[in-house]
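These numbers come from a predicted model, not from an experiment. Only heavy atoms go into these numbers, but all of them, side chains included; no hydrogens, no water, no symmetry mates.
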Amino acid sequence: MLLAMLFAAAAAFGAIITAFHAAPGALENSPTFHFGRGLAYGMINIYLIKTATVFMFTTSTIALYTHLTPRWLALGGYVVAIILLIGSYYLDWSLLVFPLWVLLISLSILWEKEAAPSSS
């Protein structure tokens, strides 16, 4: 769902950019432009961000119960998810916390895998 919404929002933004490139003067006051912009914003800020928040809550819960990541990283996932859930309307930088959190989780799993003794 998250990936499908991302591709749909990218298509909406791409349509806006293509239309603006074709006729920049005609698009500024066009109701279609405002609809497309609102659609793309809604897809990103309402659906995509909220889906990412649910993913973070779920992954943090799984990480706490299975000890997949360090405890501080799993608890930090809850904090970051709340920031993303509430702050995405007010703080523009809050949209970057999801990719950074995914990077931290990925690096944590990678480091733990390399640190584990191989059973050959």
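- Ile49 CD1 to Leu84 CG: the interatomic distance, rounded to the nearest 0.5 Å, is 5.0 Å.
- With hydrophobic clusters built from ILVMFWY side chains whose heavy atoms lie under 4.5 angstrom apart, Ile62 does not share a cluster with Trp72.
- In this structure, Val80 and Met56 have side chains that are in contact, with non-hydrogen atoms separated by less than 4.5 Å.
- By the ring-ring contact (aromatic ring centres under 6.0 Å, His included) test, Phe57 pairs with Tyr78, sequence neighbours left out.
- The closest donor-acceptor contact from the side chain of Ser108 to the backbone of Leu104 lies at 3.5 Å or more, if one exists at all.
- Hydrophobic clustering keeps Phe55 apart from Leu64 (ILVMFWY residues linked when any side-chain heavy atoms are closer than 4.5 Å, directly or through intermediates).
- For the ring-ring contact (aromatic ring centres under 6.0 Å, His included) test, no residue two or more places apart in sequence or in another chain qualifies with Phe7.
- In terms of hydrophobic clustering, with Ile, Leu, Val, Met, Phe, Trp and Tyr side chains grouped at heavy-atom distances under 4.5 Å, Val102 and Ile109 are assigned to a common cluster.
- Leu75 is not connected to Val97 by any chain of hydrophobic side-chain contacts under 4.5 Å among Ile, Leu, Val, Met, Phe, Trp and Tyr, and they are in different clusters.
- Counting heavy atoms from C-beta outward, Leu48 and Met43 have side chains that stay 4.5 Å or more apart.
- To the nearest 0.5 Å, atom NZ of residue Lys50 and atom CE of residue Met5 are 13.0 Å apart.
- Separating the CD1 atom in Ile86 from the OG1 atom in Thr53 is a distance of 9.5 Å, to the nearest 0.5 Å.
- Hydrophobic cluster membership for Trp111: Leu103, Leu107 (Ile, Leu, Val, Met, Phe, Trp, Tyr linked by side-chain heavy atoms under 4.5 Å, directly or transitively).
- With a 4.5 Å cut-off on side-chain heavy atoms, Phe13 and Ile44 count as touching.
- Hydrophobic clustering places Trp101 together with Leu3 (ILVMFWY residues linked when any side-chain heavy atoms are closer than 4.5 Å, directly or through intermediates).
- Atom CD1 in Ile46 sits 11.0 Å away from atom OG1 in Thr51 (nearest 0.5 Å).
- In this structure, the separation between CG on Leu85 and CD1 on Ile83 is 11.0 Å, given to the nearest 0.5 Å.
- Here the CD atom belonging to Glu112 is positioned 8.0 Å from the OG1 atom belonging to Thr69, to the nearest 0.5 angstrom.
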